[in-house]
2 protein chains.
Amino acid sequence: MFGEDEPAEYVYEVLSGAVRTYKLLSDGRRQISAFHLPGDVFGLEAGLSHRLAAEAIVDTTVRLVKRSSLEKAAGTDVRVARKLWAITARELTHAEDHMLRLGRKSAMEKVAAFLLEMDRRLPATGLIGLPMCRRDIGDYLGLTLETVSRSLSQLQAKGILGLSGARQIALRNRQHLRNMDA
Amino acid sequence: MFGEDEPAEYVYEVLSGAVRTYKLLSDGRRQISAFHLPGDVFGLEAGLSHRLAAEAIVDTTVRLVKRSSLEKAAGTDVRVARKLWAITARELTHAEDHMLRLGRKSAMEKVAAFLLEMDRRLPATGLIGLPMCRRDIGDYLGLTLETVSRSLSQLQAKGILGLSGARQIALRNRQHLRNMDA
DNA sequence: CGCCGGATTGATCAGTTTCAAGGCATGTGG
DNA sequence: CCACATGCCTTGAAACTGATCAATCCGGCG
């Protein structure tokens with residue numbers, strides 16, 4: 001969709017599907033900053049270029065808005081300016097919460113937090129349909145895909161969740177997850 | 001200075017000294033989100049309350065600006081609105097960089113990145129005068145204070161830096177640090 | 001001079017990663 | 001329609017990094 005440090009010509013809104021935004025180290029290590037789901041805006045920059053790369057992780061449709069037209073509107077309409085600020089502030093809130101997870105939580109706590117986040121953000125059908133693979137979850141949480149898999153297996157063994165295929169998850173005990181989320 | 005979830009009545013600018021902003025878990029684990037040095041603005045919220053706590057870590061003077069007056073100015077002056085957005089965007093950039101460190105870097109890489117950050121941001125006197133203790137550095141990098149101390153000792157043993165007292169650090173080989181920063 | 005908080009260093013431990021093997025579902029070509 | 005290839009996931013065992021526990025050490029200050 002776009003790469004790190006590319007000029008930020010457009011702002012994107014997810015209409016359907018899912019997008020990951022991430023940074024890479026030279027040796028291939030990857031940190032996924034956020035998953036963007038339908039309704040989310042991403043790729044908005046106050047500066048000139050994107051500071052994260054973005055890729056669709058399933059079939060996805062997005063709406064593009066020219067950055068220049070937003071800048072122009074913000075110059076005349078205070079509400080637009082306020083909205084742009086609010087979008088960035090919301091991303092910052094998420095980043096601050098995520099830093100706490102990355103820096104100070106155990107693998108199990110990270111996975112619990114991830115499940116609760118997805119449960120909150122994905123359509124409430126009673127079954128979470130994850131759009132991303134285990135490696136993506138690991139790169140989001142600062143874990144290996146094996147550790148993510150093991151954590152999920154443990155939660156299943158304890159009856160806290162049910163797996164129907166790797167990507168369909170039923171939360172059976174949200175309160176227990178919240179407790180481990182600390 | 002202020003606590004997590006307190007109403008955000010003021011915005012702060014550091015005039016001298018240093019401030020840490022952080023989040024706490026119920027069991028006392030702490031993640032420091034950023035250190036704020038002279039010239040930095042902190043405590044600016046698009047929402048109603050602070051999402052981080054803030055404390056001075058040395059003798060510090062700050063300038064307070066009423067949030068309501070900024071909001072008012074932003075309503076009439078587009079440049080003020082743009083400036084508020086830019087401040088938040090800058091914090092987001094830092095947070096995104098820091099997530100990569102927290103999630104994907106080794107202890108030594110984190111410490112190297114920290115030293116380079118401080119070298120860049122503190123007055124260039126040839127000797128970095130750290131305002132924070134080892135525990136603060138650890139809570140910023142997602143490490144224990146012992147690991148921070150050991151990493152610094154190793155860097156000293158390799159001649160990459162010189163310690164004069166625990167908080168005065170001379171970088172003798174910045175390029176080497178940049179290499180380990182990946 | 002002696003105290004005290006912060007820092008260093010050492011030894012051991014635990015959690016996560018790494019390396020490796022195998023399983024399960026999906027899709028494709030014979 | 002089945003056999004097999006492929007990608008993703010799970011599971012196991014061993015190795016390693018960083019945490020924990022514990023004992024000094026150092027420097028500033030009363």
Side-chain angles (χ1 to χ4, degrees), chain A residues 18 20 25 27-32 55 57-59 101-115 128-158 161-169 180 182, chain B residues 18 20 25 27-32 55 57-59 101-115 128-158 161-169 180 182:
Chain A
R20 60 183 173 227
L25 290 174
D27 61 2
R29 282 175 289 174
R30 182 178 63 161
Q31 178 61 45
I32 292 181
E55 289 171 354
I57 51 185
V58 289
D59 285 349
R101 282 179 216 139
L102 290 170
R104 285 294 173 227
K105 292 199 176 181
S106 70
M108 190 55 91
E109 289 170 335
K110 288 175 178 182
V111 171
F114 169 77
L115 290 171
I128 302 179
L130 294 179
M132 71 291 284
C133 65
R134 297 290 186 266
R135 176 174 296 279
D136 285 341
I137 300 173
D139 284 350
Y140 178 59
L141 298 175
L143 300 170
T144 59
L145 65 92
E146 291 94 333
T147 300
V148 172
S149 178
R150 277 185 246 273
S151 300
L152 290 172
S153 296
Q154 271 184 260
L155 290 172
Q156 185 180 33
K158 285 195 215 163
L161 58 78
L163 292 165
S164 353
R167 301 200 186 188
Q168 296 292 320
I169 301 183
M180 42 192 4
Chain B
R20 60 182 173 229
L25 290 174
D27 62 1
R29 282 175 289 175
R30 182 178 64 159
Q31 178 62 45
I32 292 181
E55 288 171 354
I57 52 186
V58 290
D59 285 349
R101 283 178 215 138
L102 290 171
R104 284 294 174 230
K105 293 199 175 179
S106 70
M108 190 54 93
E109 290 170 336
K110 287 176 179 183
V111 171
F114 170 77
L115 290 171
I128 303 179
L130 293 179
M132 71 291 285
C133 66
R134 296 291 186 267
R135 177 174 294 279
D136 285 341
I137 300 173
D139 284 351
Y140 178 59
L141 298 176
L143 301 170
T144 59
L145 64 94
E146 292 94 333
T147 299
V148 172
S149 178
R150 276 185 245 273
S151 301
L152 290 173
S153 296
Q154 271 184 258
L155 290 172
Q156 186 180 31
K158 284 196 217 163
L161 57 80
L163 291 166
S164 353
R167 299 198 186 192
Q168 296 292 320
I169 301 183
M180 41 191 8

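Every value quoted in this text rests on a predicted model; they were computed, and no experiment measured them. Chain letters run A, B, ... following the sequence lines, proteins first, then strands; residues in each count from 1.
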Please determine, for the side chain of [X], which listed nucleotide ([options]) has the closest atom?
X: A:S149; options: C:dA7, D:dC9, D:dG18; answer: D:dC9
X: B:C133; options: C:dA7, C:dT16, C:dT8; answer: C:dA7
X: B:R150; options: C:dT9, D:dT11, C:dT8; answer: C:dT9

Checklist entry - Between the side-chain atoms of A:R134 and the base atoms of D:dG7, is any donor-acceptor pair under 3.5 Å? => result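 Check fails, no donor-acceptor contact within cut-off.
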Checklist entry - Do A:K110 and A:V148 come close enough that some side-chain heavy atom pair is under 4.5 Å? => result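 Side-chain contact under 4.5 Å: no.
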Under 4.0 Å from OP1 or OP2 of [N]: is there any side-chain N or O of [X] that close?
X: A:R167; N: D:dC9; value: yes
X: A:T144; N: C:dT16; value: no
X: A:S153; N: D:dT11; value: yes

Gap between atoms [atom1] and [atom2], on [X] and [N] respectively (whole Å):
X: B:Q156; N: C:dT8; atom1: CD; atom2: P; value: 8 Å
X: B:L141; N: D:dT17; atom1: CG; atom2: C1'; value: 16 Å
X: B:D136; N: C:dG5; atom1: CG; atom2: P; value: 17 Å

Item to check | Nearest-nucleotide comparison on DNA chain D, the residue closer to the 5′ end among A:L152 and A:R104 | outcome: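 Residue closer to the 5' terminus by nearest nucleotide: A:L152.
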